[in-house]
Structure formats: structure tokens, C-alpha cells
Amino acid sequence: METFDFVVVGSGSGLSVASVAADRGQSVAVVEKGPLGGTCLNRGCIPSKMLLYHADVVETVRRADEFHVDATVDGVDFETIVREVNETVGEDAAAIRRGLRHSDQHTLFEGEGRFVDERTIAIVDGTDTGTRLRGETVLLAAGTRPSIPPIDGIEDVDYLTSTDALRLETPPDHLLVAGGGYIAAELGHFFGTFGSDVTIVGRRPHLLPEADEQVAAWFTDRYADRFTVHTGHAATAVSQSDGEVTLTARPFEYGPDGESGSVEESADPVTATGDALLLAAGRRPNTDILNVDAAGVEVDDDGFVETDEYLRTTADGVWALGDVVGEYLLKHSANHEARAVIRNLFGEDRSPVDYTAMPFAVFASPEVAGVGDRESDLRAANREYATSTYRYEDTARGNAMKAEGLVKALVAPDGEILGTHVVGPDASALIQEVVVAMKAGSGTVSDIRESVHVHPALPEVVQRAFAGPFTHGGHDHHG
């Protein structure tokens with residue numbers, strides 16, 4: 001048994017907490033079963049957004065004729081694109097590993113960690129199999145993995161997860177996607193741009209169900225123009241023959257709670273056949289692999305770690321952050337939580353983790369981003385609100401770009417910003433001024449409306465959304 005002051009399970013955002021512990025002179029152990037750097041670096045946001053930018057470049061060239069520019073895409077070295085991105089990611093992961101190996105203050109344990117007692121972990125698979133270690137403080141930052149939905153025949157079919165799809169060196173001829181969230185949207189855009197036919201099947205009435213309904217509907221219409229889209233359908237069965245996968249889907253009806261639902265078995269199914277199947281049905285926490293019960297760490301019904309407002313778990317001396325907590329499965333949320341753990345673990349005064357103005361972005365085409373409440377959230381909470389939308393093409397820059405899209409502002413009667421939702425070019429950047437206004441400003445309409453915006457620049461579309469007029473209950477509300 002080796003004993004440490006601080007043990008972190010996972011090597012993503014938890015490493016920043018480990019670094020602070022080491023800087024304070026604590027002995028630190030890092031437990032990691034895969035490449036260093038966590039999901040974001042190795043299997044998530046970094047490789048996917050690097051690949052997606054290549055798709056954006058191709059899309060830009062193909063649109064050149066709209067601007068009376070004669071340009072064509074004469075060839076794409078897809079294999080080199082994918083290899084280059086994955087080599088870059090691999091080099092970054094290897095650099096983190098070298099840094100930990102050469103550190104006098106960190107000890108890296110490579111393998112799968114599993115709790116066997118309170119704050120006691122056994123390495124059960126990997127280079128350091130057989131090792132046991134105990135920490136005075138333990139941080140769970142072990143993330144999630146792709147969820148495999150219960151589809152009839154799935155165990156007999158070759159399928160891809162998002163991890164696999166990011167390493168494909170040849171685009172499929174026809175990609176079938178089970179799931180309608182951000183992974184389906186982003187990878188559908190990527191492979192579709194590089195020549196794949198794409199069929200997407202999602203249970204919700206629209207793609208991107210986490211987005212505001214109006215934005216999600218707008219996005220779904222655009223995707224239906226590009227791809228074959230079956231929303232409101234659940235994948236019920238798959239089969240494989242001669243390298244071809246056939247997917248069967250039936251209409252799916254949600255109950256009054258909007259969460260649970262059922263397949264309409266008597267309804268006529270839709271079928272699609274392709275040479276690759278991508279499962280994009282969400283992610284599940286790795287708490288089952290960690291055997292957290294042995295540590296006294298409680299989880300919710302979905303397996304995510306239960307924490308208090310400071311990110312302490314139910315087990316004494318055990319903290320948690322990132323995807324395994326399940327508050328927001330976003331890298332910037334994990335980094336935010338890491339800062340909160342550092343403050344609460346090593347600081348003199350504890351303060352609750354503040355999720356105010358936590359944005360999200362989907363790097364599809366068009367981009368989608370949002371922060372705060374959706375209109376459906378406000379209706380469900382029976383809150384008073386007013387809404388205003390403004391279209392990209394009604395600004396000078398948007399018109400010059402021949403851009404389509406909209407910004408939707410949701411505000412309280414007193415002018416407090418309740419939420420903002422964007423669909424269109426650079427949505428991921430445009431949302432940021434609203435985040436700053438909600439977090440660092442007064443959090444009101446005037447923060448954005450009264451700030452001077454560069455003319456003619458794209459952020460004017462945000463300013464004009466907040467300039468109104470706002471509609472509230474069908475009436476104009478100039479607030």
C-alpha cells in the first residue's frame with residue numbers, strides 16, 4: 001500500500017487541482033487508464049473541433065460562387081487530415097505523461113483504478129496492475145464514456161462511437177447516426193461535408209434537444225435540407241449483412257413529463273441502410289467501473305456522483321468534478337469546477353460552485369450556442385418573461401456574409417437577462433458577450449444594448465436582439 005496526501009482519478013481537469021496540491025508540497029498520485037489529458041484532449045472537443053475546422057474550410061470554398069468567386073475543391077486528403085489531428089493530440093497527451101513522469105512531486109499510476117475501501121484504490125488493469133494506493137484526499141475526475149443504447153441486434157453489429165468516428169481515415173459512403181444531439185450534429189456535418197450521405201435518427205421532435213426549441217427547430221430544418229433526418233423516431237433494431245448495416249426506427253411518443261416515452265410499435269417503421277453506424281445516444285459516467293460504492297460515494301439514478309455545493313461527495317475526504325458529476329458535460333464547466341475545488345479545498349473560506357451563465361456551443365453548420373434559460377424552462381417555471389429575436393441577414397455584416405441565423409434574447413420584466421440563444425455563423429463567439437454581461441455586468445438588457453458595438457461587425461446582431469421590441473404574452477413590451 002502506497003499512501004499519498006492527494007490522489008486524483010482521471011487526468012483531465014483534475015490535473016490542475018493536483019498541480020496546486022503539489023505546489024503546496026503535498027505528495028500527489030495520478031491514476032489514469034488511458035492517454036493523459038482526459039476526454040476533451042483525446043476523444044472529445046480538441047480532435048473534433050480540429051477536424052470540424054477542416055470541414056468549415058471546405059464549406060467556405062464551396063460557397064465561393066455566391067460571392068462571384070470561381071473556386072473549387074479539387075481534392076481532399078482525408079486520411080492525412082485525420083492522421084495529422086490525431087498525431088497532434090497524441091503528442092500533447094505524451095507531453096503530459098512525460099511531465100508527470102519527470103516530476104518529483106507527482107506519481108503516475110497507469111491502469112484502471114477501482115475502489116476497494118474508503119479512499120483506497122487498486123489498479124486492476126494496466127501497467128501498474130496490482131498496486132494499491134490510499135489518499136488522505138481523493139478527487140474523482142474520471143469522466144464518462146459513450147452510452148450504448150438498447151437496440152435489438154446491436155451486439156451483432158459493427159458500430160462506431162464518437163471515439164471511433166474521430167479516427168476514421170476514410171469517410172463512409174452512407175453514415176447512419178442513432179441519436180440527435182450535439183455529437184450527431186457535429187459528426188454529421190463533418191462526414192457530410194467530406195462526401196458521406198448521412199441519415200440521422202433522433203427521438204426528440206427536433207435535433208439538439210438541449211437547445212431552445214425555436215433554435216432547435218430552425219437548426220433541424222437546415223439539417224433536413226442537407227441530410228435525411230428522422231426526428232421523433234427511436235432506433236429499435238439493427239442488423240448487418242455483407243458489410244451493410246440496416247437500421248429500423250419507429251415513431252417515439254413522449255409522455256406529459258417530456259422525459260419518459262415509448263415506441264409506437266404499431267406504427268410503420270422507417271429503415272435506412274449504410275456502411276457505417278454511429279451511436280450518438282449520450283454518455284454514461286464511469287462510476288460503475290470505479291466501484292464507488294466501496295468508497296462510500298453515493299451516485300444518482302443515472303450513475304453520476306452526488307456532491308454538495310462545494311463539490312464534496314458523500315464520502316469523507318472525497319471530492320468530484322467534471323463529467324462524472326454530470327452537472328454540465330462540458331470541458332469549460334469541468335475547468336470551472338476545478339477552480340472551485342481548488343478554492344474550497346485549499347482556501348480559507350469555502351464558497352459554492354457558481355454555475356451562473358454556463359454557456360454551451362455546438363460546432364456544426366450552422367453553429368448553435370446558448371446560455372441561461374430556454375423559453376420552455378421559463379414556461380415550465382411559470383415565470384414572466386419577454387423575448388426578442390433578430391436575424392443575421394438584417395445586419396450589415398450578416399448581409400455581406402450572406403449569413404442566415406438568428407439571436408433570441410429572453411429577459412425578465414425588469415430587464416434581467418434570463419437566457420440567450422444563437423444559431424448561425426460564429427454563434428460560439430457571439431454568445432460570449434452575453435455570458436460576460438450575465439456574470440460580470442449587471443446582468444441586464446442595458447449591459448448589451450448600451451455598449452458600443454463595432455459597426456459593421458457581426459456582434460451587432462446580438463445588440464439588436466437586445467434592443468427589442470420585446471414581445472410578452474403577445475403584446476409589445478419596450479423594456
Side-chain angles (χ1 to χ4, degrees), residues 181-182 185 204-220 258-259 326-330 332-333 336 353-364 366-392 395 405-451 453 458-479:
Y182 76 94
R204 296 286 180 175
H206 306 296
L207 301 176
L208 302 184
E210 296 303 313
D212 181 84
E213 187 175 348
Q214 183 179 354
V215 164
W218 198 96
F219 179 89
T220 303
E259 294 300 323
E327 191 69 32
Y328 293 94
L329 273 64
L330 301 164
H332 48 268
S333 179
H336 178 66
V353 59
D354 181 7
Y355 291 109
T356 302
M358 181 64 67
F360 76 91
V362 181
F363 293 81
E367 278 192 14
V368 172
V371 64
D373 289 318
R374 302 168 297 183
E375 194 166 358
S376 59
D377 299 323
L378 298 173
R379 287 197 302 266
N382 200 28
R383 290 197 64 175
E384 275 196 88
Y385 69 93
T387 181
S388 170
T389 60
Y390 206 86
R391 300 189 307 173
Y392 277 62
T395 66
L406 61 87
V407 175
K408 177 178 183 178
L410 296 165
V411 304
D414 63 359
E416 177 193 0
I417 300 169
L418 301 175
T420 301
H421 305 277
V422 187
V423 56
D426 294 323
S428 58
L430 294 181
I431 200 67
Q432 199 62 45
E433 75 164 300
V434 183
V435 174
V436 173
M438 293 175 71
K439 183 74 174 177
S442 66
T444 64
V445 169
S446 61
D447 285 335
I448 294 171
R449 186 173 60 195
E450 305 305 325
S451 296
H453 286 62
L458 203 51
E460 282 186 315
V461 69
V462 180
Q463 182 189 35
R464 292 185 186 183
F466 279 90
F470 287 90
T471 58
H472 176 244
H475 302 291
D476 284 348
H477 174 79
H478 298 270

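Quick note: residue numbers are just sequence positions, from 1. All values below were derived from every heavy atom in this structure, side-chain atoms included, with hydrogens, water molecules and symmetry-related copies excluded.
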Measure the shortest side-chain to side-chain distance between Val411 and Phe470 over non-hydrogen atoms and say whether it is less than 4.5 angstrom. yes

How far apart are the closest heavy atoms of Val445 and Phe466, and which atoms are they? CG1-O, 3.2 Å

Looking only at non-hydrogen atoms, find the nearest pair between Ala185 and Val362 and report the distance. CB-CG1, 4.1 Å

Result for side chain to side chain contact (heavy atoms under 4.5 Å, CB included) between Arg464 and one of Val407, Thr389, Thr395 points to Thr395

Side-chain donor/acceptor of His332 to backbone N/O of Pro359, under 3.5 Å: yes

Between Asp373 and His421 the two heavy atoms that sit nearest each other are O-NE2, 2.7 Å

For Asp354, give me all partners under side-chain hydrogen bond (donor to acceptor under 3.5 Å, both in side chains), at least two apart in sequence or on another chain. Thr356, Lys439

For Lys408 and Val422: C-alpha separation, side-chain torsions, deciding distance, then whether side chain to side chain contact (heavy atoms under 4.5 Å, CB included) applies. CA-CA 6 Å; Lys408 177 178 183 178; Val422 187; over 6 Å; no

Which heavy atom in Ser388 sits nearest to a heavy atom in Gly468, and how many Å separate them? OG-CA, 3.6 Å

Quick check: closest heavy atoms across Asp447 and Ala437, and the distance to 0.1 Å? OD2-O, 3.5 Å

How about Glu416 and Ser442: do any of their side-chain heavy atoms sit closer than 4.5 Å? no

Using the side-chain hydrogen bond (donor to acceptor under 3.5 Å, both in side chains) criterion, which residues pair with Ser446? Sequence neighbours excluded. Thr444

Kindly check if the number of other-residue, nucleotide or ligand heavy atoms within 6.0 Å of CD (Glu213) is above 12? no

Check step by step if side chain to side chain contact (heavy atoms under 4.5 Å, CB included) holds for Glu375 and Tyr385. CA-CA 9 Å; Glu375 194 166 358; Tyr385 69 93; 2.7 Å; yes

Quick check for you: to the nearest 0.5 Å, what is the distance between Asp414 atom CG and Glu384 atom CD? 10.0 Å

Measure the spacing between CG of Leu207 and OH of Tyr182 and express it to the nearest 0.5 Å. 15.0 Å

Compare every heavy atom of Ala409 with every heavy atom of Thr420, then report the nearest pair and how far apart it is. OG1-CA, 4.4 Å

Results of side-chain hydrogen bond (donor to acceptor under 3.5 Å, both in side chains) for Glu327 - residues two or more places apart only: none

Are Met438 and Val434 close enough that some pair of their side-chain heavy atoms sits under 4.5 Å apart? yes

List the steps and the verdict of side chain to side chain contact (heavy atoms under 4.5 Å, CB included) for Trp218 and Val368. CA-CA 10 Å; Trp218 198 96; Val368 172; over 6 Å; no

Residues passing the salt bridge (Lys or Arg N to Asp or Glu O under 4.0 Å) test with Arg383, sequence neighbours excluded, are none

State the CD-CD1 distance between Glu367 and Ile431, to the nearest 0.5 angstrom. 11.5 Å

What residues, two or more places apart in sequence or in another chain, satisfy ring pair (Phe, Tyr, Trp, His ring centres under 6.0 Å) together with Phe219? Tyr223

Take Ile448 and Glu433 through the test side chain to side chain contact (heavy atoms under 4.5 Å, CB included) and record every step on the way to the result. CA-CA 8 Å; Ile448 294 171; Glu433 75 164 300; 3.8 Å; yes

Residue set satisfying ring pair (Phe, Tyr, Trp, His ring centres under 6.0 Å) with Tyr328, at least two apart, ordered chain then number -> Tyr355

From His453 atom NE2 to Gln463 atom CD, the distance as rounded to the nearest 0.5 Å: 4.5 Å

Distance check, rounded to the nearest 0.5 Å: Phe360 atom CZ versus Leu208 atom CG? 7.5 Å

